[in-house]
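Below is one structure, written out as structure tokens, with a few remarks after it.
Below, read A as the first sequence line, B as the second, and so on, with proteins coming before strands; counting in each chain starts at 1.
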2 protein chains.
Amino acid sequence: MARRPKSPVASGDLDARKATILQAVVTEHVDTAAPVGSSAVAAATDLDVSPATVRAEMVALEREGYLAQPHTSAGRVPTDKGYRYFVDHLERGAVGAAQQTRVRDFFAHVRGEMEDVLEQTSKLLSQLTSHTSVVVGAGHSRATVLSAQLVNLDAHHHLLVTVFSDGTVTKHSVADAPGASAGEVAEASRQLNALLIGTTLGSRIQVPSRADAVARLVREATSALHEAAPTIEGEQVYIGGSSRVAESFDGVETVRAVLSILEQELVVVSLIEDILDADVSVAIGSEHGLEPLSACAVIVAPVTLEGETVGALGLLGPTRMRYREVMATAQAVSDELTRHFGGEPGA
Amino acid sequence: MARRPKSPVASGDLDARKATILQAVVTEHVDTAAPVGSSAVAAATDLDVSPATVRAEMVALEREGYLAQPHTSAGRVPTDKGYRYFVDHLERGAVGAAQQTRVRDFFAHVRGEMEDVLEQTSKLLSQLTSHTSVVVGAGHSRATVLSAQLVNLDAHHHLLVTVFSDGTVTKHSVADAPGASAGEVAEASRQLNALLIGTTLGSRIQVPSRADAVARLVREATSALHEAAPTIEGEQVYIGGSSRVAESFDGVETVRAVLSILEQELVVVSLIEDILDADVSVAIGSEHGLEPLSACAVIVAPVTLEGETVGALGLLGPTRMRYREVMATAQAVSDELTRHFGGEPGA
DNA sequence: CGTTAGCACTCAAGTCTAGTGAGTGCCAGT
DNA sequence: ACTGGCACTCACTAGACTTGAGTGCTAACG
């Protein structure tokens, strides 16, 4: 369960009635997108109190920062803090039966490599929730080389194909101006394989310093591999349903800003990881430091493989979001994804 | 140069004055985003005629379908047909010096595999033009296998790594429940390599029907490869600057529709290819059949390698677009990209 | 004492009314 | 063929007014 990262004022719990009222405001506002007034709250709850009483409570809730008023004569709207309280005191609901079967179906039929599965999953998530989804696959910084092979493309070009222990495969072009013979390429391939097996991208390799064609190829290939290391080590990101952003926010400028953030993979990855690190499953409004996303809430869930976090999935929508449903969906997909990889890793 | 695909009414050329006026309307409207009136046109051109005369001509242009009036007492706006005429009679301008050096700089410094280059290029394009860009890399249906290798991941999982003549590399998981010995895997790898080299994804392979572990692995691996063939053969798509969509259109619904199209890679690919096939470099409004994109113009340019089209780049913006500049940029990048791959293929 | 009914107050949003001005179409005169 | 003149159209804006949802306050009530 998510923890709230410190709260300046009267952090503790609200009394039961205030809590009920806050909850009603959130629920109602999520439904209607409009400020909600005291009488609506009175009608929606089973408190059996008059709007006037509700009003008094709402004044208190506003004073404490859970609610805000767009203008004097309007109803009230939850603040980020209000949503935070709502989310923290949300009893985890189960996902609907229809969704449940849809998720199971998906994972029963999905085929292909992990990359494909993650991409498909991000599409599934955005379809299920009507929000933009982000799926992050972990980086391979700790993966070791299982196999390295130099393949001849044409007279002057070769390809170093490297397979890592986590199932990733990379390729790197190696240009070879003088042009080595087929035998020399084969020999270089053998040496590379011997040299690289068991190493990680970070480790420094002792390359031959001889001047012959084979040694030259080996040097070229290893340097190509290590030059590209930062890129390879990085996480993969799959974003699904970016068009949902346009539905979620009315201001064109907000839409642009959010889309612009989504284009920056590095930012997205660190956003998701920050939230994950904080052991929080939801970041609301300005809780994550990204100013352009201050109108957004991000829900994350980890994907684990053999107890280790190998990725994460995230859902990005407006703060005015159906937290219960979306969190349940995120949880369900995360569970199934974990099971999917745990049950038949690499398949 | 682009050809106009049939035009119902008086297709031929407009007389010089009408053409000048149409051009002025387009230019002005692209600048101001507002309907342009007769006096603005009179001022903008060097025709030295009164607004009244311009008005008469504009009535004619409207009758012939080149201009439209949002409402009676407003100026005029170009129709798709108007833009089409404008584009068809545009003398190809050169790209500005600043852009030119920026493009050259980019290609001088860009590193990595073709996939990376294409992705970077799509970002470059969207930065240069402030529009959304699409870069399509050709499929590999005709590529032949250069090398196939079975790598052991763990006791029950192997990876078939295949290198194709066009430099693509694919991987496919092979599950192996009984678990073959290291020697058997190595033997299967040898057989696969012999079996697959020189074949294309389409070709049918004669697989061994024996029941031993090696034959079983070979069968599993080849079927995994061929099962995934349709996906592999497909084109890669790289989209850059999708946030620009939010700037280009004011209607939220339009933005959503366009983004939604961009999410469907297959649709995007066939859109670009249709335009390319028609030997047209620009599709305006409803010229391409995609209804949700009727407010868009798409500019395409081919990327060739040794005389063969290996990809394409596209720019997507509102019909109210700076055609001259954007087309010049597309041309420049296309040229440089072609040169880049031609000069040092695969690098 | 908490709760409530009553009431005056506020203010966004909708409706109506001109008034303004950019732009048009037409026509008669050059 | 062009142009100046002119009546006309109509989106847009501003101001005045109304409406109504919702408030905060207070006095009365159980």
Notebook entry, point to check: Could you state the NE2-C1' distance from A:H71 to C:dA12, rounded to the nearest angstrom?
Noted result: 5 Å

Margin query: Any base atoms under 4.0 Å from A:T72, or only sugar-phosphate, or nothing? Heavy atoms, all strands.
Written below: sugar-phosphate

Next item on the list: Mind calculating the distance between CZ (A:R76) and P (C:dC11) to the nearest angstrom?
Entry: 14 Å

Check: Which residue, B:S73 or A:P35, contacts DNA chain D at a nucleotide closer to its 5' end, judged by nearest heavy atom?
Finding: B:S73

Next item on the list: Send over the distance from B:R55 CZ to D:dG4 P, rounded to a whole Å.
Entry: 11 Å

Margin query: Using whole Å, what does the distance between atom P of nucleotide C:dA5 and atom CG of A:D48 come to?
Written below: 12 Å

Next item on the list: Specify the separation, in whole Å, of atom CD of A:E62 and atom P of D:dG22.
Entry: 15 Å

Next item on the list: Please evaluate the base of C:dT4 for a donor-acceptor partner in the side chain of A:S50 within a cut-off of under 3.5 Å?
Entry: no

Next item on the list: Mind calculating the distance between CD (A:E28) and P (D:dA21) to the nearest angstrom?
Entry: 15 Å

Next item on the list: Whole angstrom is fine here: how far is it from CD in B:Q69 over to C1' in D:dA11?
Entry: 13 Å

Item checked: Atom-to-atom span, CE of B:M58 to P of C:dC26 - whole angstrom -> 15 Å

Next item on the list: Report yes if the side chains of A:V252 and B:D250 come closer than 4.5 Å at any heavy-atom pair, otherwise no.
Entry: no

Check: Which heavy atom of B:V282 sits nearest a heavy atom of B:E287, and at what distance?
Finding: O-OE1, 3.8 Å

Notebook entry, point to check: Looking at A:D88 and A:R84, does any basic side-chain N land under 4.0 Å from a carboxylate oxygen?
Noted result: yes

Notebook entry, point to check: When you match B:R17 and A:A56 each to their closest nucleotide on DNA chain D, which lands nearer the 5' end?
Noted result: B:R17

Next item on the list: Ignoring backbone atoms, establish whether B:T53 has a side-chain N or O less than 4.0 Å from OP1 or OP2 of D:dT3.
Entry: yes

Checklist line | Shortest non-hydrogen separation from B:F249 to B:A295 and the atoms involved | finding: CE2-O, 3.4 Å

